Every structure is written in C-alpha cells, then in structure tokens.
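If you're wondering where the values come from, they're calculated on a predicted model, not measured in any experiment.
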Amino acid sequence: QVQVMESGGGLVQAGGSLNLTCTVSRLPLYFSQYAMGWFRQVPGKEREGLLCINWVGDTTHYVDSVRGRFTIFRDNPRNIAILQMNSLIPDDTAVYYCAAGKSRTCSVSESDFGGWGQGTQVTVSS
C-alpha cells in the first residue's frame with residue numbers, strides 16, 4: 001500500500017513562507033513515474049486541488065489565488081514532492097494534503113490520486 005507523509009506545517013505570520021515536504025514510499029513503480037499533487041481543506045469546505053507536477057516536471061495550478069505564490073517541486077531520487085509557499089495570507093490557513101497520482105499525468109480530480117497523506121496543518125496569523 002502506498003504510503004504518503006506530509007511534514008513542515010505550522011504557524012506562520014502573514015507574508016511569511018513555509019515549505020511542505022511530501023515523502024512517498026511503497027509505490028508499485030519508481031516515484032518518477034507518478035504525478036504528485038497538493039490539496040488543501042478548510043473546515044466546513046470541500047478539499048480543493050492546488051497544484052500538480054507530472055512525471056517530467058511540468059506543473060499545473062488549479063487555484064488562481066495561489067498562482068505566483070505557491071510552487072511545487074519534485075526530487076525523484078529522494079521520493080519527495082515539495083510545496084513552496086510564499087507570501088502567505090490568513091486565507092491559506094488549512095490542512096494541506098499530498099497525494100500520489102495513479103499515472104504520470106496531472107489531474108485536479110481526487111479520484112486520479114491513489115495515495116494520500118494524513119495532512120499537515122498550516123495556520124497563517126494576521
């Protein structure tokens with residue numbers, strides 16, 4: 001079973017930065033063969049897809065409010081995906097989830113992701 005673990009969440013002041021790390025193991029194929037996505041969920045709201053990186057490193061943003069502030073990277077030898085978050089605002093407060101795709105290509109649909117982490121809390125104070 002695919003194992004996904006997020007780390008790096010915490011409390012940060014508005015305008016600050018955080019880097020979230022997603023570590024993946026037990027994939028059927030090499031980590032480089034899978035797209036990776038980052039999602040977030042605010043209490044009382046549905047989880048939303050933020051960004052995705054495909055197997056060759058092309059990225060897709062799904063939420064306009066994070067465009068230009070959030071970036072996704074992957075380090076294939078280390079089996080990790082990183083969400084770099086800059087210029088954080090209070091509306092970014094949420095639980096952030098990482099997910100391993102079922103294929104090489106990106107998608108905003110949760111059904112296209114087969115392994116999910118437990119999430120990491122990010123709180124941005126004003």
Trainee: Quick one: closest heavy-atom pair of F39 and G49, and the distance?
Mentor: CD2-CA, 3.3 Å

Trainee: Do I80 and R74 come close enough that some side-chain heavy atom pair is under 4.5 Å?
Mentor: no

Trainee: Could you tell me whether the side chain of I72 reaches within less than 4.5 Å of the side chain of I82, counting heavy atoms only?
Mentor: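 SC-SC contact between I82 and I72 ruled out.
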
Trainee: I need the minimum non-hydrogen distance between R26 and Q3, along with the two atoms involved.
Mentor: NH1-NE2, 3.5 Å

Trainee: Taking all atoms of both residues into account, what is the closest heavy-atom pair of N54 and T105, and its distance?
Mentor: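 Answer, listing the atom of N54 first, then T105: CB-CA, 4.3 Å.
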
Trainee: For the pair S109 and S107, evaluate side chain to side chain donor-acceptor pair (under 3.5 Å) and give the outcome as yes or no after the intermediate values.
Mentor: CA-CA 5 Å; S109 174; S107 170; 4.6 Å; no

Trainee: Quick one: side-chain hydrogen bond (donor to acceptor under 3.5 Å, both in side chains) partners of S17, sequence neighbours excluded?
Mentor: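 Checked S17 against side-chain hydrogen bond (donor to acceptor under 3.5 Å, both in side chains); matches are N86.
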
Trainee: In Å, rounded to the nearest 0.5 Å, how long is the span from OG1 of T23 to CE of M5?
Mentor: 5.0 Å

Trainee: Measure the shortest side-chain to side-chain distance between Q84 and N19 over non-hydrogen atoms and say whether it is less than 4.5 angstrom.
Mentor: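 Yes. Closest side-chain heavy atoms under 4.5 Å.
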
Trainee: Going from CG on L18 to OG1 on T123, what distance comes out if it is rounded to the nearest 0.5 angstrom?
Mentor: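 Between atom CG of L18 and atom OG1 of T123 there are 9.5 Å.
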
Trainee: What closest approach, in Å, do P28 and Y34 show between heavy atoms, and which atom pair accounts for it?
Mentor: CD-OH, 3.3 Å

Trainee: How many angstroms lie between CG in N79 and SG in C22, if you round to the nearest 0.5 Å?
Mentor: 10.0 Å

Trainee: Give a yes/no verdict on a cation-pi contact between R40 and Y97, requiring under 6.0 Å between NZ or CZ and the six-membered ring centre and an angle within 45° of the axis.
Mentor: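 R40 over Y97 ring: no.
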
Trainee: Quick one: pull up CD in Q118 and OG in S7 and give me the separation to the nearest 0.5 Å.
Mentor: 13.5 Å

Trainee: Does the cation-pi check pass for R47 over W116, that is, NZ or CZ under 6.0 Å from the six-membered ring centre and within 45° of its axis?
Mentor: yes

Trainee: For C98 and M36, which heavy atoms make the closest approach, and how far apart are they?
Mentor: SG-CE, 3.4 Å

Trainee: To the nearest 0.5 Å, how far apart are CG in L51 and CH2 in W38?
Mentor: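 Here the rounded value is 10.5 Å.
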
Trainee: Report yes if the side chains of V24 and V2 come closer than 4.5 Å at any heavy-atom pair, otherwise no.
Mentor: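 Yes. Closest side-chain heavy atoms under 4.5 Å.
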
Trainee: Where do L11 and S125 come nearest, in terms of heavy atoms and distance?
Mentor: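 In terms of heavy atoms, the two residues are closest at CD1-CB, 4.3 Å.
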
Trainee: As an exercise, state the distance from CZ of R67 to OG1 of T60, rounded to the nearest 0.5 Å.
Mentor: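 Answer for the CZ-OG1 pair, R67 versus T60, is 9.0 Å.
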
